[in-house]
There are 2 protein chains.
Amino acid sequence: MNGKSTTTRTKLERGRSALGPALELVHTGRAPTRAVLTSELGVTRATAGAVAAELEALGLIKVDSSPGSAAGSQGRPSHRLSVRDSGPVVLAAQVHADGFRAALVGLGGRIVATVPGCVAVMADPAQVLGEVVEAGAQLLRESGLRCVGAGLAVPSAVAEPEGTALNPLHIAWPAGAPVRDIFSACVRAAGINGPAFTGNDVNLTALAEHRHGAGRGAQHLLCVATGHRGVGGALVLDGRLHSGSSGLALEVGHLTVNAEGRPCHCGGRGCLDVETDPLAFLTAARREPGPEESLLKQSGDLLRAEYGDPAVRAAAEELIDRLGLGLAGLVNILNPDRIILGGLHRDLLEADPERLRAVVADRSLWGRSGSVPILACTLDHNSLVGAAELAWQPVLDDPLAALA
Amino acid sequence: MNGKSTTTRTKLERGRSALGPALELVHTGRAPTRAVLTSELGVTRATAGAVAAELEALGLIKVDSSPGSAAGSQGRPSHRLSVRDSGPVVLAAQVHADGFRAALVGLGGRIVATVPGCVAVMADPAQVLGEVVEAGAQLLRESGLRCVGAGLAVPSAVAEPEGTALNPLHIAWPAGAPVRDIFSACVRAAGINGPAFTGNDVNLTALAEHRHGAGRGAQHLLCVATGHRGVGGALVLDGRLHSGSSGLALEVGHLTVNAEGRPCHCGGRGCLDVETDPLAFLTAARREPGPEESLLKQSGDLLRAEYGDPAVRAAAEELIDRLGLGLAGLVNILNPDRIILGGLHRDLLEADPERLRAVVADRSLWGRSGSVPILACTLDHNSLVGAAELAWQPVLDDPLAALA
DNA sequence: CACGGTTTGTTCACTCATGGCACAAAGTGC
DNA sequence: GCACTTTGTGCCATGAGTGAACAAACCGTG
């Protein structure tokens, strides 16, 4: 009379199958009310009601039925759905050239608490990640919230399925460092629950922007960003990150964008990487590059503050033209329906949006593709939020299993 | 390439949900027996049995229970599954520079009947497609089989969602011709049942090779092929064709592969398109190009018959190096786990596989990605079979609804 | 302020795909 | 022949989801 199920079959732990999609809709803000949830899921009102009630019982969302607020249209007002404030969180961490940042991120990409750690990044990933995770664990203790996973963003390609960082150049880690294993070990050592994930920062930026920022609603979202050195890219297809068969997709830095350009370490010349990064900009603008970590900031400030300066403007236009050529090449290959730019590329876009759009339209094959919207990244700490998305994914896929 | 696989599923027409996946497994040859089907679907034997029985009742597959054939292993031999011989077919058609071909294609990519029509392709798409469809309808009448749809492959990018051919250059059709609408109209006029689809021939080649040829089992399959003029590409991700947001993805012809190369009509120079097509090969080998339609054949024959000739060999090696550079660029962007080559590119691969693989490995960023397997297309009439796949897709997605 | 009209939430019986079992069937090896 | 293994089949339980009827909450209008 007691043991109904002894063996843990796969299907036994399967909950309501619409649970995951429903949570994702609330998570991404596409289901503000239960009525919208019903139509978005394509189920009956009864089912949507049961699903919403179950998600509320799990402590993930809030179903607000009381308020006689501004309805606008006629008919009975629908219950409003939102992410629960004091629901579970994930630990998100980000490592970059200037240091690290740890945060607690709730559903909806909401940063609950964050602390920027300002260590000078050292060559030992284990030590750095230990500090990052400890900072996150401290936040977690202070908050008293439940943690369901952890995610880490690193400025390097991450090979699948090994989880090794292939080119963590500007954080001076050894190439091939097993960052995923190290991060997982740190997370476990800190007593944090849930699985741990690691990904490339530009990939995670794209993921975050797709779910909560400028990429919302795009079906084929291309993201290109410059960090301190080098160029990264990412592609989100139908809501899922496309990182290739071994995690190395969208290494777009070595598209040729200037046949007479400077030689690149890859063996070619005129690569996007060396033609559109902050160092290239400062050089073209005939400014003295400062210390490496601040190249990005230095470039952005210069671009915003002194765009009137002919040398700065000429340098910017040169880079915009190169960037446009690279983007046009990617448009021809990937045919995205939206492009978002980060880092210096974002600053270049904002300096002269029309010029960039014109170059892309002119150099991509079809007028249609050329009219791809090009937008700037909008989220603060987008790769941090992206790292959190990584950790949230199991919950979105199967809330019952992930919270069990 | 027509309907974007409507995600808004109306539960009314929902049959057994495992029906589609099961049919796809049999269709692609990945479920030779019912036992394999059971494990591949991840369901119980009872369910797999019911699904197989239902597919058999629908006249789509054959369940072979009798044979006491060579089992090999111990235990009760499983029923063998195969595509039914006299089951429904789709009408597949292909238009190319030398004429057209029409065929009836069953499940499993089996060409039941075919007729090569050898018209000189004229400037009027309606007339050509009318002839093609009529040839197919004739085959259909002779066979007496049931037709559940039609698919067409054209040597041009096909814009979505309009279904217009953007660059049907070597068949002398007007750019922007509404090929899908024309084809659909012809199919309806011929009294053929089922929906009609139209797609780019290289895309369809990739789809066919993925399901029945050299691309089987690949998760991220990149296909690059040269026809008579120009280069086309295609990408199959997780079994579905990726054709971008408006059908124009993988227009790979204008990757720069030779900084000092000849100018291209796209505005750049040294594009893959003009550096690795049959005309480029013949020119490099200092041979007199014949009439346009036979450039491809002429090149292939030359490559196979006279590879000992120093001029031919040098030309081939030059093209292989250029092609390798282009493929390496695509590897960096797409990170496929397999590459298949068609047309002249296939001939180049077979002329010197090691050289091509070495170039790709050398010029792609990571050793891992460099070791991507590069294979030749294997199917006869692969774009024809791919066109059939397009027409089969609704049946694979939902057999009950599609056959109703 | 009662009135229909509209939209949404809720309850309940019903459907049906699937899991879980027990048992039968069909092979191999000794 | 007999154990053993593997697969097919019949039957019941489960549970997610539907569909329809009803209740609730808001709008307007007179």
Side-chain angles (χ1 to χ4, degrees), chain A residues 1 3-23 31-57 61 63-81 398-401, chain B residues 8-23 31-57 61 63-81 398-401:
Chain A
M1 207 174 305
K4 41 178 295 183
S5 64
T6 54
T7 54
T8 53
R9 299 301 258 181
T10 54
K11 295 289 184 169
L12 251 183
E13 42 201 77
R14 171 192 69 170
R16 213 175 284 265
S17 77
L19 221 51
L23 181 58
T33 69
R34 236 191 63 177
V36 176
L37 179 68
T38 302
S39 63
E40 286 289 313
L41 284 178
V43 298
T44 58
R45 292 198 299 268
T47 304
V51 166
E54 194 161 353
L55 287 176
E56 188 177 30
I61 72 170
V63 181
D64 216 349
S65 52
S66 52
S69 75
S73 66
Q74 55 180 359
R76 174 175 176 174
S78 186
H79 293 181
R80 281 188 304 192
L81 304 178
D398 190 340
L400 280 181
Chain B
T8 54
R9 46 173 8 181
T10 38
K11 299 285 181 170
L12 262 180
E13 45 200 70
R14 167 192 70 168
R16 210 175 286 262
S17 77
L19 221 53
L23 182 57
T33 69
R34 234 191 65 177
V36 176
L37 180 68
T38 302
S39 63
E40 286 288 314
L41 284 178
V43 297
T44 58
R45 291 199 299 269
T47 304
V51 166
E54 193 161 355
L55 287 176
E56 189 175 32
I61 72 170
V63 180
D64 217 348
S65 53
S66 53
S69 75
S73 67
Q74 56 179 358
R76 175 175 175 175
S78 186
H79 294 181
R80 282 187 305 189
L81 305 178
D398 190 340
L400 280 180

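Fair warning: this is a prediction, and the values are worked out from it, not measured in the lab. Below, chains carry the letters A, B, ... as their sequence lines are ordered, and counting in each starts from 1.
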Separation of C:dT18 atom C1' from B:Glu54 atom CD, nearest Å, is 13 Å
If I compare all heavy atoms of A:Ser78 with all of A:Thr33, which pair ends up nearest, and what's the gap? OG-CB, 3.6 Å
Write down the atom of B:Pro32, the atom of B:Val36, and the distance for their closest heavy-atom approach. CD-CG1, 4.0 Å
Tell me the interatomic distance from A:Gln74, atom CD, to D:dT29, atom C1', rounded to whole angstroms. 12 Å
Whole angstrom is fine here: how far is it from CZ in B:Arg80 over to P in D:dT7? 15 Å
Can you name the nearest heavy-atom pair linking B:Ala22 to B:Leu55, along with the distance? CB-CD1, 4.0 Å
Answer whether the closest heavy-atom distance between the side chains of A:Arg34 and A:Leu81 falls below 4.5 Å. yes
Value for CG (B:Leu19) from CD (B:Glu54), rounded to nearest 0.5 Å, stands at 5.0 Å
Criterion side chain to side chain contact (heavy atoms under 4.5 Å, CB included) against A:Leu41, the qualifying member of A:Thr44, A:Leu37, A:Thr38: A:Leu37
Rounded distance in Å - CG (A:Leu41) to P (D:dG17): 9 Å
Taking OP1 and OP2 of C:dG19, is either one under 4.0 Å from a side-chain nitrogen or oxygen of B:Thr44? yes
Generate the contact string for nucleotides 8-13 of chain D. Rules: B means base contact, S means sugar-phosphate contact only, - means no protein heavy atom under 4.0 Å. BBB---
